[in-house]
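Chain letters run A, B, ... following the sequence lines, proteins first and then strands; every chain starts at 1.
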2 protein chains.
Amino acid sequence: MSEADREDGTGRDDGAGRDDGTGREDLGAMFARVTRRLVDAEAPLLAENGLTMWEYVVLSRLALGAAPNQLTLAREIRHDKTRLIKLLDDLQRRGLVVRRPGAADRRSYTVSLTDAGRALHARVRAAIRAMEDGFLAGLDPAERRSLLALLPRLAPRETPEIAED
Amino acid sequence: MSEADREDGTGRDDGAGRDDGTGREDLGAMFARVTRRLVDAEAPLLAENGLTMWEYVVLSRLALGAAPNQLTLAREIRHDKTRLIKLLDDLQRRGLVVRRPGAADRRSYTVSLTDAGRALHARVRAAIRAMEDGFLAGLDPAERRSLLALLPRLAPRETPEIAED
DNA sequence: TATTGTTATACTCTATAACTATA
DNA sequence: TATAGTTATAGAGTATAACAATA
């Protein structure tokens with residue numbers, strides 16, 4: 001593929017400095033920059049509620065339903081199973097999640113949210129959602145709809161394995 | 001435990017797991033997932049060419065024009081000035097970049113690409129661009145145009161300060 | 001023999017402080 | 001006094017190996 005592809009992209013100069021002749025910035029660089037801005041904007045909201053990013057990721061996953069065991073939970077959120085241990089210890093000590101002996105396999109523990117955990121997640125998520133609305137404020141409704149429809153197709157989420165609570 | 005257990009909630013199953021009632025996934029989570037997929041896809045392309053991600057970031061910035069000094073270079077790519085040292089040492093040892101005494105300020109060094117550095121960057125960038133084309137293959141032309149127009153607006157790049165070569 | 005939860009260890013990445021030479 | 005480049009050190013984050021209990 002050559003420079004002629006600029007026809008279905010953006011061939012214009014967006015004022016981001018001297019053009020190096022390649023037409024547009026790397027997709028990875030652009031996505032990374034947006035991601036970093038969102039992470040930076042989420043950081044204070046999480047800190048206010050005493051959560052780290054990984055803890056929030058765990059709560060978000062568990063909000064979909066109980067995880068059958070810690071290993072699948074770790075795989076689904078792409079976190080090391082070894083680091084998940086202390087993280088769950090902390091969340092459980094704070095009464096946000098519970099580990100229960102697995103029904104079939106005595107080695108494993110199902111992990112699920114407590115009422116307090118579900119409430120905290122809902123509160124933080126609402127704050128994050130409000131921040132995101134501001135983040136997307138510059139887009140008109142059609143653009144916003146297009147973006148929200150596109151993103152899941154570019155990186156589909158793995159179907160979580162849900163256990164009985 | 002049958003898969004049909006997931007149907008008991010909303011009845012909707014779009015492949016993204018049980019709905020937790022909040023409508024859509026966090027924007028940050030979606031962007032982070034896309035970014036990770038792109039980074040993972042770039043990794044082998046960079047490794048084949050003996051570059052780390054940060055080294056490629058430096059080359060990409062310098063492809064826009066020489067940096068007036070290392071400090072502004074570090075700030076523009078959001079990298080620690082202390083870690084930039086060894087990184088530039090390496091790139092210079094390999095003949096990809098050159099540090100030249102600053103014209104006005106004798107403390108500073110301009111940083112610019114050598115011909116070899118420019119060639120390597122162009123080669124790697126072409127490989128990455130080809131990968132990106134595959135990555136966006138699932139989108140129709142209108143969606144692709146919309147996405148590429150949106151991204152720079154969601155996280156504008158800082159205008160780089162360009163020095164004379 | 002393989003897997004789940006766990007601990008311990010080693011390694012990488014990142015952040016901070018401090019030094020030098022110039023300004 | 002402040003800044004550009006550099007070095008050294010401490011800390012956080014991450015990966016790997018190994019172990020006990022169970023399958």
Side-chain angles (χ1 to χ4, degrees), chain A residues 32-33 35-36 39-40 42-43 46-47 50-58 61-62 66-93 97-112 160-164, chain B residues 1 32 35-36 39-40 42-43 46-47 50-58 61-62 66-93 97-112 160-164:
Chain A
R33 194 135 30 79
T35 300
R36 178 166 40 193
V39 167
D40 288 349
E42 281 182 19
L46 293 171
L51 289 176
T52 66
M53 184 71 70
W54 276 121
E55 286 171 342
Y56 178 69
V57 169
V58 167
R61 160 59 186 83
L62 295 181
N69 60 56
Q70 300 181 189
L71 198 54
T72 58
L73 172 57
R75 279 198 277 252
E76 284 172 359
I77 65 176
R78 293 201 164 73
H79 194 56
D80 281 2
K81 62 171 186 171
T82 63
R83 278 180 284 161
L84 189 59
I85 312 284
K86 291 188 307 298
L87 198 155
L88 290 178
D89 287 347
D90 260 35
L91 291 177
Q92 188 162 30
R93 196 176 306 124
V97 308
V98 278
R99 282 186 263 214
R100 292 206 192 84
D105 191 331
R106 267 186 303 171
R107 289 172 301 181
S108 68
Y109 298 86
T110 67
V111 187
S112 51
E161 199 178 320
I162 305 297
E164 289 122 28
Chain B
M1 29 194 104
T35 300
R36 178 165 40 192
V39 168
D40 288 349
E42 282 182 19
L46 293 171
L51 290 176
T52 66
M53 184 71 71
W54 276 121
E55 286 172 342
Y56 177 69
V57 168
V58 167
R61 160 58 186 82
L62 295 181
N69 60 56
Q70 300 180 189
L71 199 53
T72 57
L73 172 57
R75 279 198 277 253
E76 285 171 358
I77 65 176
R78 290 200 165 73
H79 194 55
D80 283 0
K81 62 171 186 172
T82 64
R83 279 180 282 162
L84 189 58
I85 312 286
K86 292 188 306 298
L87 198 155
L88 290 178
D89 287 347
D90 259 34
L91 291 177
Q92 189 161 30
R93 196 176 307 126
V97 309
V98 277
R99 282 187 264 215
R100 291 206 193 83
D105 191 331
R106 268 187 302 171
R107 289 172 302 182
S108 69
Y109 297 86
T110 66
V111 187
S112 50
E161 200 178 321
I162 305 298
E164 290 122 28

- Task: Tell me, please, which residues at least two apart from T72(B) pass side chain to side chain donor-acceptor pair (under 3.5 Å).
- Result: N69(B)

- Do R106(A) side-chain and dT22(D) base share a donor-acceptor contact under 3.5 Å? no

- Item | Stepwise side chain to side chain contact (heavy atoms under 4.5 Å, CB included) test for L87(A) and H79(A) | CA-CA 11 Å; L87(A) 198 155; H79(A) 194 56; 4.1 Å; yes

- Query: Taking for each residue the nucleotide of DNA chain C with the nearest heavy atom, is it A104(B) or K81(B) whose nucleotide lies nearer the 5' end?
  - Reply: K81(B)

- With sequence neighbours left out, the residues meeting salt bridge (charged side-chain N to carboxylate O under 4.0 Å, His left out) with E55(A) are R94(A)

- With sequence neighbours excluded, tell me which residues meet salt bridge (charged side-chain N to carboxylate O under 4.0 Å, His left out) with R100(B). none

- Query: Taking only residues two or more places apart in sequence or in another chain, which ones pass side chain to side chain donor-acceptor pair (under 3.5 Å) with R78(B)?
  - Reply: E158(B)

- Message: Reading DNA chain C from 5' to 3', where do the contacts with chain A start and stop? Cut-off is 4.0 Å to heavy atoms.
- Response: dA2(C) to dT7(C)

- Task: Could you identify which residues of residues 70-79 of chain B place a heavy atom less than 4.0 Å from some atom of DNA chain C, listed by residue number, or say none?
- Result: none

- Item | Residues forming a side chain to side chain donor-acceptor pair (under 3.5 Å) with R99(A), sequence neighbours excluded | Q70(A), D89(A), Q92(A)

- Atom pair distance, as rounded to whole Å: CG in N69(B) and P in dT3(D): 13 Å

- Given atom CG of D105(A) and atom P of dA23(D), what is their separation to the nearest angstrom? 5 Å

- Is any side-chain nitrogen or oxygen of R99(B) closer than 4.0 Å to OP1 or OP2 of dT6(D)? yes

- Item | Length of the OH-C1' vector between Y109(B) and dT6(D), whole Å | 10 Å

- Task: Quick one: list whatever passes salt bridge (charged side-chain N to carboxylate O under 4.0 Å, His left out) with R107(B), sequence neighbours left out.
- Result: D105(B)

- Can you name the residues that form a side-chain contact (heavy atoms from CB on, under 4.5 Å) with A74(B), not counting sequence neighbours? K81(B), L84(B)

- Task: Output all residues satisfying side chain to side chain donor-acceptor pair (under 3.5 Å) with Y56(A), sequence neighbours left out; order by chain, then residue number.
- Result: D26(B)

- Can you tell me how far P of dA4(D) sits from CG of D89(B), to the nearest Å? 18 Å

- Specify the separation, in whole Å, of atom CZ of R107(B) and atom C1' of dG5(D). 10 Å

- Query: Donor-acceptor pair, E76(A) side chain versus E161(A) backbone, under 3.5 Å?
  - Reply: yes

Polar atom pairs (N or O), protein with nucleotides 8-12 of chain D, under 3.5 Å:
none

- Return the value, rounded to whole Å, for the distance between atom NZ of K86(B) and atom P of dT6(D). 11 Å

- Query: Counting any heavy atom closer than 4.0 Å, what does D80(A) reach on the DNA or RNA strands: base, sugar-phosphate only, or nothing?
  - Reply: base

- To the nearest Å, give me how far apart CD (Q92(B)) and C1' (dG5(D)) are. 13 Å

- Query: Got a sec, which residues hit side-chain contact (heavy atoms from CB on, under 4.5 Å) with R106(B), two or more places apart in sequence or on another chain?
  - Reply: none

